[in-house]
Amino acid sequence: MRFTISTLTLAAAATALPSQHARTTTTSTSKGFNLVAHVTDATSDLTPSVEGLFLSTAHTGAGLNAAVLSAANGRLFYQNGTTAEDSDILTDGGTPLFPFSLQVQPAGEARRILDISVGQGTAGSVDAQGRLVNGLGAGAFLACRQVVPYYNQEFITLQYVYGDADPAGLEGCATIELVAKCAELNELPEGSLSSHEFAAEVKCE
Ligand SMILES: *[C@@H]1O[C@H](CO)[C@@H](O)[C@H](O)[C@H]1NC(C)=O
């Protein structure tokens with residue numbers, strides 16, 4: 001219900017003050033950001049709701065993490081690269097700090113729990129509306145209840161489905177956007193294997 005009311009309120013505000021509304025959604029930028037789930041099709045939401053959950057990680061092996069959504073411990077991300085087309089989404093972890101990258105399965109491969117692991121990230125960037133875009137192709141992010149085998153336990157996992165089809169009917173999955181929330185990108189301690197040299201300023205809320 002709160003989702004419906006705030007959507008109506010925003011729609012009304014946008015009608016009344018189009019320029020102001022446009023400005024408030026696009027002015028802030030930051031090199032660091034958290035990624036927060038926003039349910040785009042309320043009928044697909046899970047119970048309890050996944051609205052507002054942070055993108056986080058669940059350790060699944062040396063240098064390997066499953067992308068999961070949780071109420072706390074949102075990871076600090078940055079967009080690494082010189083152009084949006086040539087960027088990936090990174091977060092630092094380990095000792096010394098090294099980069100973990102968001103890795104989405106290519107179009108044509110079976111849908112799976114996304115990884116935030118060592119290795120080359122897949123193309124990804126934050127768009128002018130502050131939303132995460134998968135550079136491998138159009139589709140939708142999903143928050144899906146699924147067992148992570150390493151824990152033999154259910155998590156709210158991040159997945160991605162390609163295509164224009166409405167993914168709302170997918171069992172146990174809510175259709176979401178990942179919204180960048182501005183956060184300060186930390187200074188890296190001496191000896192870090194990560195680099196923030198190519199961290200881009202992105203639009204965020
Ligand atoms: C970050 O971006 C730079 C410039 O495109 C690239 O050389 C570097 O390999 C990237 N780092 C990671 C960890 O992807």
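When a ligand or atom number is given, it counts from 1 through the structure's own listing order. Not measured: the values here are computed from a predicted model.
A donor-acceptor contact shorter than 3.5 Å is absent between the side chain of Ser192 and the backbone of Pro96. Listed for the Tyr150 side chain is no donor-acceptor partner under 3.5 Å among the backbone atoms of Gly61.
The presence of a protein heavy atom under 4.0 Å from atom 9 (O) of ligand 1 is ruled out.
For Gln153, the CD atom is densely surrounded, since the number of other residues' heavy atoms within 6.0 Å is greater than 12.
Using a 4.5 Å heavy-atom cutoff, the side chains of Pro99 and Tyr78 are in contact.
Gly81 CA, 3.9 Å is the protein heavy atom nearest to atom 5 (O) of ligand 1. Scanning the protein for heavy atoms near atom 3 (C) of ligand 1, the closest one is Phe198 CD1, 3.5 Å. In this structure, atom 6 (C) of ligand 1 lies nearest to the protein heavy atom Asn80 ND2, 4.2 Å.
Residues Gln159 and Arg112 share a closest heavy-atom pair of CG-O, 3.5 Å.
For ligand 1 and Asp88, the ligand atoms under 4.0 Å from any heavy atom of the residue are 14 (O).
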